[in-house]
Amino acid sequence: MWFASIMIAEVLDMLKSYDEALEWIHARLRLGIKPGLKRMEWMLERLGHPENKLNVIHVGGTNGKGSTVSYIRSILNEAGYRTGTFTSPYIKQFNERISVDGVPIPDESITNLANIIKPLADELEHTELGAPTEFEVITAMAIYYFAELDPVEWTVVEVGLGGRFDSTNVVAPAISVITNIGMDHTQILGDTVGKIAFEKAGIIKEQTPVVTAAKQKEALNVFHESARSKNAHIFVLGKDFGISSHKSTESGEEFDLTIGTLHFSRLSTSLMGRHQTENAALAVMALHILADSGKVVISEPAIREGLFKAYWP
């Protein structure tokens, strides 16, 4: 009788539609931003550690994260890899945040995921850790989806805020990418380039390569020190790989890219702005490093097609 009552209560507490699921997720905005990884670690442990099943590329920085994610995903798709992306915010539809091969996941998947995470969120709320935030819930949903409900070969994860205490920093990436450093969220991340860089550097992991387009000496000093302390090889745009012969065209940007003895001439993007050449270069460099270590096989045609087809609103 007791067991039956519990089962009935669980059924009654279920979210019955996509709209109900979104309402529950967005209602968690009232909890604000709660930096830290303990709540994420608690939920992932209860889910059986799905994060350990993923091949992850982790993308942080101040600007250009979304387009860098899009370039990486597009090149991986051209190379034949089924790829999930977790990004924020969304432009038209919430589902965009969790996408496979550039296609937002279905409404019913959002509902299913919310019903999987909700009991954990309810239980967690009654612990000393407190209730998980909206972003923590969505991050857990994305990780579980890519690992268990619709497994992918690669997952490209965009940092939400900062890096060190961001909800996404529970993953163990194959490579970390840091786009650039600017004065963002200074009330949380700090009021100097060095302090902000320190938070962004939190995604650098032990013996895991990192690629960056940061230019400020203060930021680079932080990144080099973090990489040294974790025995991680760091690759810097303008030093270890470089852009040349850039020009804007009617359809986007065109540039040459040099990586060691490799030279890619007249790479093109359909995304506008000189900064897109840096984001594209980061994507190519990151995948080149993974290819060098045998984790992926990426051809030059896949790079060219992937860069040109990449879209980010």
Side-chain angles (χ1 to χ4, degrees), residues 14-26 28 40-41 43-59 65-66 68-121 132 134-160 167-175 283 287 290 295-298 302 306 309-313:
M14 284 186 66
L15 303 163
K16 298 175 180 63
S17 69
Y18 173 75
D19 288 338
E20 281 189 18
L22 281 192
E23 185 179 354
W24 175 73
I25 293 166
H26 293 324
R28 311 197 72 75
M40 281 299 303
E41 291 167 348
M43 287 191 289
L44 292 176
E45 182 178 3
R46 296 297 296 271
L47 290 168
H49 288 292
E51 75 279 13
N52 293 338
K53 297 182 180 180
L54 299 177
N55 293 314
V56 174
I57 298 170
H58 204 185
V59 181
K65 297 190 295 290
T68 302
V69 167
S70 184
Y71 286 129
I72 293 170
R73 190 271 305 162
S74 187
I75 294 171
L76 284 170
N77 284 167
E78 289 299 314
Y81 294 98
R82 194 163 188 273
T83 304
T85 52
F86 177 54
T87 57
S88 58
Y90 63 94
I91 307 300
K92 295 180 180 178
Q93 182 192 25
F94 174 83
N95 307 36
E96 294 167 22
R97 301 186 72 168
I98 307 173
S99 297
V100 176
D101 294 343
V103 179
I105 67 174
D107 290 356
E108 56 266 29
S109 294
I110 295 291
T111 308
N112 291 340
L113 286 166
N115 277 314
I116 289 167
I117 302 302
K118 186 177 184 297
L120 299 180
E134 183 202 43
F135 191 67
E136 288 170 333
V137 161
I138 302 168
T139 303
M141 288 169 60
I143 290 172
Y144 192 81
Y145 186 81
F146 295 138
E148 303 291 355
L149 297 191
D150 191 8
V152 294
E153 293 169 278
W154 281 92
T155 303
V156 192
V157 175
E158 178 187 345
V159 171
S167 304
T168 65
N169 207 26
V170 291
V171 298
I175 191 166
L287 292 172
L290 293 180
K295 291 182 171 67
V296 294
V297 177
I298 305 286
K309 290 180 180 179
Y311 172 74
W312 186 250

Trace of the side chain to side chain contact (heavy atoms under 4.5 Å, CB included) decision for Ile143 with Leu47: CA-CA 10 Å; Ile143 290 172; Leu47 290 168; over 6 Å; no
From CA spacing to verdict: side chain to side chain contact (heavy atoms under 4.5 Å, CB included), Val296, Trp154: CA-CA 10 Å; Val296 294; Trp154 281 92; 3.4 Å; yes
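Looking only at side-chain heavy atoms (C-beta outward), Val157 and Leu54 stay at 4.5 Å or farther from each other. For the pair Ile105 and Leu113, the minimum side-chain heavy-atom distance is below 4.5 Å. Put simply, the side chain of Met141 does not reach to within 4.5 Å of the side chain of Ile116, judged on heavy atoms. You'll find the side chain of Asn95 reaches within 4.5 Å of the side chain of Asp107, heavy atoms only. Using a 4.5 Å heavy-atom cutoff, the side chains of Trp312 and Thr87 are in contact. You'll find the side chain of Tyr71 stays beyond 4.5 Å of the side chain of Val59, heavy atoms only. Put simply, the side chain of Ile98 reaches to within 4.5 Å of the side chain of Phe146, judged on heavy atoms. Between Leu76 and Ile57, some side-chain heavy-atom pair lies under the 4.5 Å cut-off.
Ring pair Phe135/Phe86: centre-to-centre distance below 6.0 Å.
The distance from the CD atom of Glu158 to the CD1 atom of Ile72 is 10.5 Å, given to the nearest 0.5 Å. Separating the OG1 atom in Thr139 from the CG atom in Leu44 is a distance of 9.0 Å, to the nearest 0.5 Å. Here Glu20 contributes atom CD and Ile25 contributes atom CD1; the two are 12.0 Å apart, rounded to the nearest 0.5 Å. Here CE of Met43 is found 12.5 Å from CD of Glu45. Values are rounded to the nearest 0.5 Å.
In terms of heavy-atom proximity, Trp24 sits nearest to Ala114 at CZ3-O, 4.1 Å. Closest approach of Ser167 to Met40, counting heavy atoms only: O-CG, 3.7 Å. For the pair Ala283 and Thr68, the tightest heavy-atom approach, listed with the atom from each and the gap, is CB-O, 4.2 Å. Pro50 and Ala147 make their closest contact through O-CB, 3.3 Å (heavy atoms, listed as atom of the first residue, atom of the second, distance). In terms of heavy-atom proximity, Ser17 sits nearest to Thr111 at C-OG1, 3.6 Å. Taking every heavy atom of both residues into account, Pro104 and Gly102 meet most closely at CD-O, 3.8 Å.
Distance alone, capped at 3.5 Å, places no donor-acceptor pair between the Arg73 side chain and the Thr83 backbone. Using modelled atom types, no side-chain atom of Ser70 and backbone atom of Gly66 make a donor-acceptor pair closer than 3.5 Å. Panel note: side chain Ser99, backbone Glu96; a donor-acceptor pair is recorded below 3.5 Å.
Tyr18 is linked by a ring pair (Phe, Tyr, Trp, His ring centres under 6.0 Å) to nothing, counting only residues two or more places apart in sequence or in another chain. Residues satisfying the side-chain contact (heavy atoms from CB on, under 4.5 Å) criterion with Glu108, sequence neighbours excluded, are Pro106. A search for ring pair (Phe, Tyr, Trp, His ring centres under 6.0 Å) contacts involving Tyr145 returns nothing, not counting sequence neighbours. For Ala79, the side-chain contact (heavy atoms from CB on, under 4.5 Å) partners at least two apart in sequence or on another chain are Tyr81, Ile298, Ala302. Not counting sequence neighbours, Lys295 has no partner by the side-chain hydrogen bond (donor to acceptor under 3.5 Å, both in side chains) test. Here Arg82 pairs with Val100, Asp101, Asp150, Val152, Glu153 under the side-chain contact (heavy atoms from CB on, under 4.5 Å) rule; sequence neighbours left out.
Classification of the Phe94-His26 ring pair by plane angle, with boundaries at 30° and 60°, yields perpendicular.
The local environment of CD in Glu41 is crowded, with over 12 non-hydrogen atoms from other residues, nucleotides or ligands closer than 6.0 Å.
We find that Glu148 and Lys53 are joined by a salt bridge, their nearest charged nitrogen and carboxylate oxygen being less than 4.0 Å apart.
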